[in-house]
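All remarks here apply to the structure that follows.
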Amino acid sequence: QVQLVESGGGLVQAGGSLRLSCALSGSTFSSYRMGWFRQAPGKEREFVAAVTRSGGSTSYTDSLKDRFTISRDNAKNTVYLQMNSLKPEDTAVYYCAADPFFRNIATMRYEYWGQGTQVTVSS
């Protein structure tokens with residue numbers, strides 16, 4: 001049974017940084033494309049970033065690519081989202097997701113989803 005557990009969320013000041021982590025268990029981590037998504041109050045879930053199985057390719061929402069960095073450590077079965085220069089509009093629940101299929105890297109379709117971790121950026 002594939003399980004995803006996010007961690008690292010919390011309350012930060014505008015301009016600060018935060019690193020989210022997501023650990024996969026129950027399967028071979030390196031077999032999954034990993035993604036990060038977020039959902040702000042009153043908004044639809046949106047794509048944030050994704051990384052391929054080997055970590056050789058990444059994709060970002062254009063407005064976030066200069067501040068956010070996705071990475072993975074296959075030895076630790078963990079994907080990360082480094083968030084810098086945070087803004088109040090980054091406030092959302094952040095979800096990690098895992099997918100074993102060779103889909104478009106920017107797809108919203110993932111087979112497995114975590115429960116999410118709250119990120120709140122204060123002004």
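Numbering of residues begins at 1 and proceeds along the displayed sequence.
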Sub-4.5 Å side-chain heavy-atom contact between Met83 and Asp90: no
Those residues at least two apart in sequence (or on a different chain) that pass salt bridge (charged side-chain N to carboxylate O under 4.0 Å, His left out) with Arg33 are Asp99
State the CD-OG1 distance between Gln118 and Thr91, to the nearest 0.5 angstrom. 7.0 Å
Side chains of Thr58 and Lys65: closer than 4.5 Å at any heavy-atom pair? no
Main-chain N/O of Ser85 paired with Arg67 side-chain donor or acceptor, under 3.5 Å: yes
Indicate, with yes or no, if Tyr94 and Trp113 share a hydrophobic cluster defined by side-chain heavy-atom contacts under 4.5 Å among Ile, Leu, Val, Met, Phe, Trp and Tyr. no
Could you tell me whether the side chain of Ser7 reaches within less than 4.5 Å of the side chain of Ser21, counting heavy atoms only? yes
Could you check whether any side-chain heavy atom of Tyr32 comes within less than 4.5 Å of a side-chain heavy atom of Val2, counting everything from C-beta outward? yes
Between Tyr60 and Val51, is there a shared hydrophobic cluster once you connect ILVMFWY residues whose side-chain heavy atoms come closer than 4.5 Å? yes
Is there a donor-acceptor contact under 3.5 Å from the side chain of Thr61 to the main chain of Phe47? yes
If you take the centroid of each ring, where Trp contributes its six-membered ring, are Trp36 and Phe68 closer together than 6.0 Å? no
CZ of Phe29 to SG of Cys22: how many Å apart, nearest 0.5 Å? 7.5 Å
When you measure from the side chain of Gln82 to the backbone of Arg19, do you find a donor-acceptor pair of N or O atoms at a distance under 3.5 Å? no
Within 6.0 angstrom of Glu111 CD, more than 12 heavy atoms from elsewhere: yes
So does Glu89 have more than 12 non-hydrogen atoms from other groups sitting under 6.0 Å from CD? yes
Shared hydrophobic cluster, Leu20 / Val12 (ILVMFWY, side-chain heavy atoms < 4.5 Å): yes
Does some side-chain heavy atom of Glu46 sit less than 4.5 Å from a side-chain heavy atom of Leu64? no
Rounded to the nearest 0.5 Å, what separation is found between the CG atom of Asp73 and the OG atom of Ser30? 11.5 Å
Under 3.5 Å, is there a donor-acceptor pair between the side chain of Asn74 and the main chain of Arg53? yes
Tell me whether Arg72 contacts the main-chain N or O of Thr52 through its side chain, where contact means a donor paired with an acceptor under 3.5 Å. yes
Between OG of Ser27 and CD of Gln3, what distance do you get to the nearest 0.5 Å? 11.5 Å
Would you say Leu18 ends up clustered with Leu81 if hydrophobic residues are merged whenever their side chains have heavy atoms under 4.5 Å apart, either directly or through other cluster members? yes
Would you say Ile105 ends up clustered with Ile70 if hydrophobic residues are merged whenever their side chains have heavy atoms under 4.5 Å apart, either directly or through other cluster members? no
